[in-house]
Amino acid sequence: MKKLTEITAIFLAAVLIVGVFCSCSNKSNYEGPGGGYYNAGQYSDTPEELSVDNLTDARGIFYGELNVSQQEIYEDIISQIINKKEEYILRDCTQEDAQTAYDAIEREHPEFFWLANGNRLTETTGGEISEITITPHYFDTDFQEYMDMFDETVSKVISIAEEVPEDDLEIEKVLYIHDYLIDNTEYDTDSSYAIGNEESFIPATTAYGALINKSAVCSGYSAAFHMIMNMLGIECGRTTGEKIDGESHEWNYIAVDGEYYFVDVTWDDPVSNDSDKDNLSYEFFAITTEELLLTHKIDDEQLVPDCNGTEYDYYKMNDLYFDYYDFDSVALVIEEKASEGKVSIKFSTQEEADKAYKDLFDNKRIFSISNNDGFFGGSVKYSKGSSGLVINIYTE
């Protein structure tokens, strides 16, 4: 959803008022993990008791880029939001610092989804008193309705997080939530066409849409994933950009065991007219920056960690990954997995995947591999993933 941008200025006696509807401030790329940006105990084991505090206490890489004054403003605004103030009043700060802190909160706290609609910043100066008021743009939605949606979304996030097995490894918790969102959320095609309408609030762009309405666009998927990761104490953030074809898009990054990975839940839940086909995918689960850039473009001037982790690539974890194409090795995996109805395999490069694709399907060697019914018949369903690295074979 586009944010509103409007600049007005009014001079009244000794009072100066400047109003601004604005978007996120510019940021440089983030270099990598660490840096002491996070609460010491937050990104570790799942807290014993889950509450809204697990969300509102989260501090990420945007917070880490703020100076001391901006961090104090950040905390002040958070406190006012928690107390359900309709606008946020600040003293002894500059407009620039106030806006920078506000933007950092919007990036790190998807539970405060009304912040993403833009805002009006007003500075009032009279004598020695200077006061800044930040008013989020609520469109035509009643403020109390936003608060009710907030409470409902937080309750849902807590209930989902409580269902995650406590003894699972951290990456398995991430995978659980990835699958949960895909199983319980439909992509909202109608709302995707409505984005850009600056006169109305679109729930599908928020975690509320994904978790309560169970219908969302990419920003709703990524916001819901971000919220649940924060609730579980797993470092996470959102990244904006475009598909290679130029359409705007949003997805997540996570940190597991000190390494960063990208996760695009939306693209792992593809829209299909084939209701009988298993569309749940792991092509964009825990991938590197290099892999992401085969299909995505990252917006400039935002904080984005260098995602170079490889240990938790889904295909590597499940012995479905090949550095090089070898028919015998690939055939063995297809035979072992055929009873599951779908086999997805991944290669290190598009070149190796193309070799496999040509040999298995153009040369028809797929028919010499046994499936759960003996051998593939005269036809077989297959597809190549968006990245060109993954091949999907439907065995039933």
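Position 1 is the first residue of the sequence; numbering continues from there.
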Those residues that, when tested against His296, pass side chain to side chain donor-acceptor pair (under 3.5 Å) (two or more places apart) | Asp264

For residues 174-182, tabulate all N or O donor-acceptor pairs below 3.5 Å that involve a side-chain atom, not counting sequence neighbours.
{"residue": "His178", "atom": "NE2", "partner": "Asp268", "partner atom": "OD2", "Å": "2.8"}
{"residue": "Asp179", "atom": "OD1", "partner": "Tyr282", "partner atom": "OH", "Å": "3.1"}
{"residue": "Asp179", "atom": "OD2", "partner": "Tyr282", "partner atom": "OH", "Å": "3.0"}

Please determine which of Tyr208, Tyr146, Tyr138, Phe139 meets the ring-ring contact (aromatic ring centres under 6.0 Å, His included) test together with Phe201.
-> Tyr146

Between Arg107 and Gln302: side-chain donor-acceptor atoms closer than 3.5 Å = yes

Gln80 and Asp76 side chains, donor-acceptor separation under 3.5 Å = yes

Any idea how Phe150 and Trp114 line up, ring-wise: parallel (<30°), tilted (30 to 60°), or perpendicular (>60°)?
-> perpendicular

Decide yes or no on ring pair (Phe, Tyr, Trp, His ring centres under 6.0 Å) for Tyr394 and Tyr382, but give the supporting numbers first.
-> CA-CA 6 Å; Tyr394 302 92; Tyr382 57 91; 9.2 Å; no

Using distance alone, with no hydrogens and no angle criterion, decide if Asn252 and Ser222 have a side-chain donor and acceptor under 3.5 Å apart.
-> no

Take the angle between the ring planes of Phe262 and Tyr253 and call it parallel below 30°, perpendicular above 60°, tilted in between.
-> perpendicular

In terms of side-chain heavy atoms, does Asn392 have a donor or acceptor partner in Ser344 at a distance below 3.5 Å?
-> yes

Please work out which of the three classes, parallel, tilted or perpendicular, describes the rings of Tyr261 and Tyr312, given edges at 30° and 60°.
-> tilted

Qualifying residues under ring-ring contact (aromatic ring centres under 6.0 Å, His included), relative to Phe322, sequence neighbours excluded = Phe347

